[in-house]
Protein chains: 2
Amino acid sequence: MAPSYRYTETSKSSSASTMFPDHEHDHGKCVSSAMQRAEDLCAERSVRLTDIRRQVLELVWQSHNPVGAYDLLDNLHGIGKRAQPPTVYRALEFLMDQGLIHRIESLNAYIGCRDPGEDHAGQFLICRDCGAAAELVDKRIDAAIGQGAKAAGFSVEHPTVELEGVCANCRPEHKGTKHG
Amino acid sequence: MAPSYRYTETSKSSSASTMFPDHEHDHGKCVSSAMQRAEDLCAERSVRLTDIRRQVLELVWQSHNPVGAYDLLDNLHGIGKRAQPPTVYRALEFLMDQGLIHRIESLNAYIGCRDPGEDHAGQFLICRDCGAAAELVDKRIDAAIGQGAKAAGFSVEHPTVELEGVCANCRPEHKGTKHG
DNA sequence: GTAAATATGTTATAACATAACATTTCAATT
DNA sequence: AATTGAAATGTTATGTTATAACATATTTAC
Ligand SMILES: [Zn+2]
Ligand SMILES: [Zn+2]
Ligand SMILES: [Zn+2]
Ligand SMILES: [Zn+2]
């Protein structure tokens, strides 16, 4: 049986890898594997993936679009009354500390990490049309940044690379191809 | 007479150019040349650099540290009562449209553009110690980003590259050298 | 001068985030 | 199983950043 993941991957480059979600991919798999990975990592690290944290992570993974803290809050269902902002912000902080999500600075929003456990700075492709964001891992970008900074005598500790544009799914050429 | 600009420029790379402000540089020159450039560009483009816009631009240029909208607002001196947020946000929008300033997404703050008129995406080195930000123009970073995105079938329209770290002035090695 | 376009004033509110302190839950130790 | 200290969550209030909507004033073109 073929794998359920279906990503558009145009791998002309050997140093870059991308995962822009295809419109018809099996998203349930994205969610379940991300959740399982989180459970495993947290167990391994002896940190607690509590109900709230688990719920927030699952909500973040509801789509491949970065999601805002207050959207999460709206969908966080406590038994009784509505949760308050600190609840979700604390969960987000935990998840970022554990590398399970990334914050998209240019959107004030959060997205699941495609490869937690691997310590890395996120690089993102953000489609201004469909709103999806894909995490890029491109060594050449890292290398170019490292060199550019070094030439300025600057040591980079936390790079933010967020590339807004149009994804393959939303490109005019591809628009008519097939898609529903 | 030697030029009054004094920047730390370690030009090992031919494709990158940087301007991290030296601690003792003649900042009055930074301001006056930025203001003159703005006057010229606006005249050339037949857009109005009004009192408010001029004042906001000058405030942005008060330092090489990105500055928040409400800080600007606090220092915007109308004759009578205090200005309101839309006043400063409109001025910022104008200045960004004209390429005279950049917005630093990771700080929700604004900084003067070192080369307005040249249409470009900003790349920034932001010192987490002194707070200064320097605009980097590095073709290799642009190229690497373009290639990485292309490999993913993604067309970049608005790249955000903000590199937080420690600048040469604030590096421990350089700290004792001399500096006041 | 009149009209249209541009810029600013003004009021209100939306959207994003954290400080401070009380209470509960958890896990280790006795 | 009670004690206890640490970690997590609840709760209230407030801080910070940004925009919507509509009124007024200023500039420019005719
Ligand atoms: Zn998916
Ligand atoms: Zn990641
Ligand atoms: Zn610039
Ligand atoms: Zn510094």
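A, B, ... follow the sequence lines: proteins, then strands. Residue 1 opens every chain. Note that the structure is a prediction, hence the values are computed from the model and not measured. Reckoned from all heavy atoms, side chains included, excluding hydrogens, waters and symmetry mates.
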Counterpart residues, side chain to side chain contact (heavy atoms under 4.5 Å, CB included), relative to A/Gln62 (two or more places apart) =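 A/Gln62: side chain to side chain contact (heavy atoms under 4.5 Å, CB included) contacts with A/Leu59.
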
request  = Please identify each residue that fulfils side chain to side chain contact (heavy atoms under 4.5 Å, CB included) with A/Val67, with sequence neighbours left out.
outcome  =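 Result, side chain to side chain contact (heavy atoms under 4.5 Å, CB included) vs A/Val67: A/Val60, A/Asp71, A/Leu72.
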
Could you list the residues that satisfy salt bridge (Lys or Arg N to Asp or Glu O under 4.0 Å) with [X], not counting sequence neighbours?
X: A/Glu164; value: none
X: A/Glu39; value: A/Arg54
X: B/Asp74; value: B/Arg82
X: A/Asp97; value: none

key: Presence of B/Thr87 side-chain N/O under 4.0 Å of C/dG9 phosphate oxygens OP1/OP2   =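 For C/dG9, OP1/OP2 do have a side-chain N/O of B/Thr87 under 4.0 Å.
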
Rounding to a whole Å, what distance do you find between [X]:[atom1] and [N]:[atom2]?
X: A/Leu72; N: C/dA17; atom1: CG; atom2: C1'; value: 14 Å
X: A/Arg82; N: D/dG10; atom1: CZ; atom2: P; value: 13 Å
X: B/Leu49; N: D/dT27; atom1: CG; atom2: P; value: 14 Å
X: B/Leu73; N: D/dG15; atom1: CG; atom2: C1'; value: 15 Å
X: B/Gln84; N: D/dT24; atom1: CD; atom2: C1'; value: 15 Å
X: A/Gln55; N: D/dA8; atom1: CD; atom2: C1'; value: 15 Å

query = What string of B, S and - do you get for nucleotides 19-27 of chain C, 5' to 3', if B is base contact, S is sugar-phosphate-only contact and - is no contact with any protein heavy atom under 4.0 Å?
reply = BB-----S-

request  = Check whether any side-chain N or O of A/Gln55 sits under 3.5 Å from a backbone N or O of A/His77 as a donor-acceptor pair, and report yes or no.
outcome  =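 Yes, because the side chain of A/Gln55 sits within donor-acceptor range (under 3.5 Å) of the backbone of A/His77.
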
key: Aromatic ring of B/Tyr70 stacked on base six-ring of D/dT17, 5.5 Å, 30°   =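 The ring of B/Tyr70 is stacked on D/dT17.
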
ask   = Do we count A/Tyr89 as stacking onto C/dT18 if the rule is ring centres under 5.5 Å and planes under 30°?
value =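 Taking the rule of under 5.5 Å and under 30°, the ring of A/Tyr89 does not stack on C/dT18.
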
task = Looking only at side-chain atoms of B/Lys81, point me to the closest of C/dG9, C/dT10, D/dA18.
result =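 Ranking C/dG9, C/dT10, D/dA18 by closest atom to the B/Lys81 side chain puts C/dT10 first.
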
ask   = What residues in residues 91-109 of chain A put a non-hydrogen atom under 4.0 Å from any atom of DNA chain C?
value =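 Under 4.0 Å from DNA chain C: A/Arg103, A/Asn108.
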
query = Among pairs that include at least one residue of residues 144-168 of chain B, which meet ring-ring contact (aromatic ring centres under 6.0 Å, His included), considering only residues two or more places apart or in two chains?
reply =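 Qualifying pairs: A/Phe20-B/Phe154.
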
Which atom pairs, one a donor and one an acceptor, fall under 3.5 Å between side chains of residues 115-124 of chain B and the rest of the protein, sequence neighbours left out?
from, atom 1, to, atom 2, distance (Å)
B/His120, ND1, B/Glu118, O, 2.4
B/His120, NE2, B/His102, NE2, 3.2
B/His120, NE2, B/Glu135, OE2, 2.6
B/Gln123, OE1, B/Asp138, N, 3.0
B/Gln123, NE2, B/Asp138, O, 3.4
B/Gln123, NE2, B/Asp142, OD1, 3.0

inquiry  = Ignoring hydrogens, what is the shortest heavy-atom contact between A/Cys127 and A/Val166? Give both atom names and the distance.
reply    =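 Shortest heavy-atom separation between A/Cys127 and A/Val166 comes out as SG-CA, 4.0 Å.
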
message = Tell me which pairs pass salt bridge (charged side-chain N to carboxylate O under 4.0 Å, His left out) where either residue lies in residues 151-162 of chain B, with sequence neighbours left out.
response =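 The answer is A/Arg128-B/Glu157.
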
Terminal helix-axis angle for the helix from C/dG1-D/dC30 to C/dT30-D/dA1, with five pairs defining each axis and rounding to 10 degrees =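 Nearest ten degrees gives 20° for this helix.
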
